[in-house]
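Notes follow the structure.
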Amino acid sequence: QVQLVQSGGGLVQAGGPLRLPCAASGRTFTKYSMGWFRQAPGKEREGIACIRSSDDSTYYADSVKGRFTISRDRAKNMVYLRMNNVKPEDTAVYLCAASRGELLDGNWRQFLTPHEYDHWGQGTQVTVPS
């Protein structure tokens, strides 16, 4: 069992950086692939990044590729989303999630969908004023 607790978020100016932490509890954390999602008002939950449990390979949605970076600190049981050059359209609630599924090079797009994930953080609001 994994529990995810998020912190960070808030108001950030367009073009600026922001890092979102996600703290995981549980001895089996390193066996989980992790993902970051976001949900804007009136929109569906969007998967934006995921990281494989075995070797920390990373995958990104086109909407954030080149601007956002997902990373994991195994010693601290932490997962991060580093956001650079944020835009007003990045305004959303951001959620981290954990999956026991097998993330492969051939199926990574499935891990940008919510149904692959078993555990969720509580979410944190990120607002980028226009």
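Computed from heavy atoms alone, side chains included, the values below leave out hydrogens, waters and symmetry copies.
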task: Determine yes or no for a side-chain-to-main-chain donor-acceptor pair under 3.5 angstrom, with Ser25 supplying the side chain and Val2 the backbone.
output: no
Residue pair Asn84, Phe68: steps toward the side-chain contact (heavy atoms from CB on, under 4.5 Å) verdict: CA-CA 6 Å; Asn84 289 327; Phe68 291 9; 5.9 Å; no
query: In Å and rounded to the nearest 0.5 Å, what is the OG to CG distance from Ser57 to Leu103?
result: 8.0 Å
- request: Might you confirm whether atom CD of Gln3 has over 12 heavy atoms from other residues, nucleotides or ligands at distances under 6.0 Å?
  value: no
Set of residues satisfying side-chain contact (heavy atoms from CB on, under 4.5 Å) with respect to Gln110, sequence neighbours excluded: Asn107, Glu116
message: Measuring only between side-chain heavy atoms, which start at C-beta, is Pro129 closer than 4.5 Å to Leu11?
response: yes
- request: Using side-chain hydrogen bond (donor to acceptor under 3.5 Å, both in side chains) as the criterion, list what pairs up with Gln125, not counting sequence neighbours.
  value: Thr127
message: My understanding is that only residues two or more places apart in sequence, or in another chain, count here; which of them pass side-chain contact (heavy atoms from CB on, under 4.5 Å) with Pro41?
response: none
- request: Output every pair passing salt bridge (charged side-chain N to carboxylate O under 4.0 Å, His left out) with a member in residues 99-109, not counting sequence neighbours, ordered by first then second residue.
  value: Arg52-Asp105
Straight-line distance of Ser130 OG to Lys87 NZ, nearest 0.5 Å: 14.0 Å
message: Other residues, nucleotides and ligands only: do more than 12 of their heavy atoms fall within 6.0 Å of CG on Asp62?
response: no
message: Do Val79 and Phe111 sit in one hydrophobic cluster, given that two such residues count as connected whenever their side-chain heavy atoms are within less than 4.5 Å of each other, even indirectly?
response: no
message: Starting from Tyr59, can I reach Ile48 by hopping between I/L/V/M/F/W/Y residues whose side chains sit under 4.5 Å apart?
response: no
message: List the residues meeting side-chain contact (heavy atoms from CB on, under 4.5 Å) with Thr58, not counting sequence neighbours, and say none if there are none.
response: Ile51, Tyr60, Ile70
- line: Residues pairing under ring pair (Phe, Tyr, Trp, His ring centres under 6.0 Å) where one sits in residues 25-46, two or more places apart or in two chains, turn out to be Tyr32-His119, Phe37-Tyr117, Phe37-Trp120
statement: Residues pairing under salt bridge (charged side-chain N to carboxylate O under 4.0 Å, His left out) where one sits in residues 67-78, two or more places apart or in two chains, turn out to be Asp56-Arg72, Asp56-Arg74, Arg67-Asp90
task: Check the pair Val126 / Thr91 against side-chain contact (heavy atoms from CB on, under 4.5 Å), numbers first and verdict last.
output: CA-CA 5 Å; Val126 173; Thr91 295; over 6 Å; no
message: Please enumerate all residues that pass side-chain contact (heavy atoms from CB on, under 4.5 Å) together with Leu112, with sequence neighbours excluded.
response: Cys50, Ala61, Trp108
task: Identify the two heavy atoms, one from Gly26 and one from Asn77, that lie closest to each other, and give their separation to 0.1 Å.
output: O-ND2, 3.7 Å
task: Applying salt bridge (charged side-chain N to carboxylate O under 4.0 Å, His left out), name anything that partners Asp118, two or more places apart in sequence or on another chain.
output: none
Minimum side-chain heavy-atom gap Arg45-Leu95 below 4.5 Å: yes
- prompt: Considering all heavy atoms of both residues, which atom of Met83 and which atom of Leu20 are nearest to each other, and what is their separation?
  reply: SD-CD1, 3.9 Å
Value rounded to 0.5 Å, distance of OG in Ser53 from CE in Met34: 10.5 Å
task: Step by step, work out the side-chain contact (heavy atoms from CB on, under 4.5 Å) result for Gln6 and Leu4.
output: CA-CA 7 Å; Gln6 297 181 232; Leu4 305 175; 5.7 Å; no
message: Considering only residues two or more places apart or on different chains, which pairs with a residue in residues 97-130 satisfy disulfide bond (SG atoms under 2.5 Å apart)?
response: none
field: Nearest non-hydrogen partners of Leu18 and Gly9, listed with the distance
entry: CD2-CA, 4.2 Å
Sequence neighbours excluded, every pair satisfying disulfide bond (SG atoms under 2.5 Å apart) that has a member inside residues 56-98: Cys22-Cys96
query: Residues sharing Met78's hydrophobic cluster, by side-chain heavy-atom contacts under 4.5 Å among ILVMFWY, directly or via others?
result: Tyr80
- request: Determine the minimum heavy-atom distance between Ala40 and Ala92, stating which atoms define it.
  value: N-CB, 3.9 Å
